[in-house]
Amino acid sequence: MDEDIFYEIFNNSQEAILVLDNNKNIIAVNNTFSNLTNYGRDELINRSIFDIELFGSFSQILKNAWDDKKNDGYWEGELLLNKKLGISIPVWAEFKKTTKEKNILYIITALDISHKKMLENSLDFLRNYDALTGLPNKNLLDDRLKQSIATAKRMKLKVGVLYIDIDNFKLINDNFGYPGGDILIQKFIKRLLPVVRETDTLSRISSDNFVLICFGIKSDKEILIIINRLREALRDPFYIYNNRITITISVGACLYPDDTEDPLKLINLAESALESAKEMGRNTYLLYNTKDTVNIEENFAILSRLGEASKRDEFVLYYQPKVSLKSDKIVGAEALIRWNHPTLGLVSPMRFIPLAETYGYIKEVGEWVVNKVCMQLLYWSKKGINIENISINISPLQFNDKNLRLFLEEVINKYNIEPKRLELELTESMIMKDFNISLGIMEELKKLNILLSLDDFGTGYSSLSYLSKLPIDIIKIDRSFVMRLKENEYNRKIINMIVQLTKSLDIKVIAEGVETKEQYDILKSLGCDEYQGYYYSKPITCDDFEHLWNNNLK
Ligand code: C2E
Ligand code: CA
Ligand code: CA
């Protein structure tokens, strides 16, 4: 073949070509190679291939390709080729060894595959990521979940799967069209991502459905905390085309390995928990749990609405009369909270107060009660219902809240209440946690001139000796003593002793849970001051209380 033609072909081949002599010095280079790498011919010719960092860390491959016997002088594969000023590009490279007239020649060819790579990467992206949000899609989610579970299995950890649905998303699309919906989704994700931990994966699996994988969860409780964090992040309104929109989410959740060890099944369980959650109304959360479905379902239903219950006006206060054993007249009342839950009906404080304590809602609930009671006192005094006092149950967290005193002072002033008409019921166990701190708190509270009582007396430490040290005005003898008054002589003795002791300390005694005439008679004979219980009245609404009060006067 004519040498010129050969040279022409060599120079303009699609492949970049280098030819080395048997010492691996470059003896020929084509234009394509120069163009691709920005190295001029002069910079390459006569230099050892190992002096130029053409293949960076791949120079080892380069050596092996030719020298390794089993390669037989041939290697091909994908490599990065370094351009003159740092940047590298992916190439398909071939290293060949040929012999020409007893001389060994080494030939390197490299085909630029960066376009192909780019295409592959974007295909890979499309296969695994959601184009609108850039989040992993269902495909990648399955992979990540399998990975998370494999790791969790090794490390003996749990993995939480949360199936998240935006409530009423269809309305957004209906009102603002799909572009409006897309804007919302993007803003929604922007809010959620900062509260998702680095080890977690948030993925979008359909228009308004998302799955969050939470790695290394310790218990159900932690899932609730995560859900609450998501909710918090969504609390502020969103704006779409200047329209203010508040969005809520419903969540179904399940736990590896508690609910199932099968990754795909986990997603299904979480989804079915979501379906049930949605049946209970929007803005609810549900944990799929084979062992304790009802209970946990209820807890979730309760929790998911607890934060907003006071705003939605769902709490109600009931009042149980406190009656004098001397005059049989109503002297006061204990305020007892009820929650009118939209689907569960009237929920007992025994159910939701502990949840409110655990999940940080108790302050809100407690403040609501204090406000309501003070309003009621003001209202009743205007109507001539001169109830001596109303007592309020204080939870341990409230008791230890540094702002309690200030808060009470503000409310008392706001409604212009006589402080002694307000009574706080504290329990032995919360006081005994740290006696000295509690004493300090109680002394501060007493400066407001309100009354303090010791609730459920006798169930806890039953140590009478500390009583004299505490600024206590009233002791409430626990129902359990009253209940067994008749059949148990011992209980009568205890109550007698409590009454005698409190007389000497100038503390008032009230018996709880009085249900029968017999109990009433015994308590009266023992010199107990007041009583409370079904025998006189169950806790009742404020309207019923007014009736009872007016009849009681006659
Ligand atoms: P507690 O302070 O011991 O309240 C007395 C409970 O005994 C009330 O239950 C009341 O309905 C019930 N009871 C009253 N008389 C009788 C009786 O003769 N027989 C029987 N068997 N029971 C009687 P409730 O209203 O369900 O309250 C339960 C607990 O929830 C309260 O126990 C109190 O610890 C807590 N709680 C209620 N309201 C509030 C509140 O506003 N804040 C806080 N932190 N806790 C509250
Ligand atoms: Ca009480
Ligand atoms: Ca009690």
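Remember, it's 1-based here, ligands and their atoms both numbered in the order they're listed.
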Is it true that Q532 lies under 4.0 Å from ligand 1, counting heavy atoms only? no
Which ligand 1 atoms are under 4.0 Å away from a heavy-atom of Q320? 14 (C), 15 (N)
What do you reckon, does K476 put a non-hydrogen atom under 4.0 Å from ligand 1? no
Both conditions, 6.0 Å and 45 degrees, for the charged tip of R191 above the ring of F238: are they met here? yes
What's the shortest heavy-atom distance between L255 and G160, and which atoms? CD1-CA, 3.7 Å
Counting from 1 in the order shown, the ligand 1 atoms closer than 4.0 Å to a non-hydrogen atom of S395 are 44 (N)
Of P539, P349, A335, the residue with the heavy atom nearest atom 24 (P) of ligand 1 is P349
Say whether Q398, considering both its backbone and side-chain N or O atoms, lies within less than 3.5 Å of an N or O atom on ligand 1. no
For ligand 1, which atoms have a heavy atom of E515 less than 4.0 angstrom away? 17 (C), 18 (O), 19 (N), 20 (C), 21 (N)
Subset of ligand 1 atoms that lie under 4.0 Å from at least one heavy atom of V369: 41 (O)
So, is the end of the K382 side chain (NZ or CZ) under 6.0 Å from the ring centre of Y379 and within 45° of the ring's axis? no
Could you tell me which atoms of ligand 1, counted from 1 in the order shown, lie closer than 4.0 angstrom to a heavy atom of G533? 15 (N), 18 (O)
With heavy atoms only and a cut-off of under 4.0 Å, state how D456 meets ligand 1: side chain, backbone, both or neither. side chain
Report, in ascending order of atom number, the atoms of ligand 1 lying under 4.0 Å from any heavy atom of L336. 4 (O), 8 (C), 10 (C), 25 (O), 27 (O), 37 (C), 38 (N)
Hey, is the main chain of I240 close enough, under 3.5 Å, to the side chain of N243 for a donor-acceptor pair? yes
Run through the protein N/O/S atoms less than 3.0 Å from the Ca ion (ligand 3) and write them out by chain and number. D455 OD1, D456 OD1, E512 OE1, E512 OE2
Return yes when R338 approaches ligand 1 closer than 4.0 angstrom through a heavy atom, no otherwise. yes
Near E334 (heavy-atom distance under 4.0 Å), the atoms of ligand 1 are 2 (O), 4 (O)
Which bit of K538 gets closer than 4.0 Å to ligand 1, counting heavy atoms only: side chain, backbone, both or neither? neither
Heavy atoms from other residues, nucleotides or ligands near NZ of K372 exceed 12 (cutoff 6.0 Å): no
Using a plain distance cutoff, I'd like to know if I394 has any nitrogen or oxygen under 3.5 Å from a nitrogen or oxygen of ligand 1. no
What do you reckon, does E512 put a non-hydrogen atom under 4.0 Å from ligand 1? yes
Within the 4.0 Å heavy-atom cut-off, what D455 brings close to ligand 1 is side chain
Go through ligand 1 atom by atom and flag the ones less than 4.0 Å from a non-hydrogen atom of G513. 16 (C), 17 (C), 18 (O)
R405 and E443 ion-paired at < 4.0 Å: no
Considering heavy atoms of the protein only, find what lies nearest to atom 29 (C) of ligand 1 and give residue, atom and distance to 0.1 Å. M350 SD, 3.7 Å
Atom 6 (C) of ligand 1 protein-contacted, heavy-atom criterion under 4.0 angstrom: no
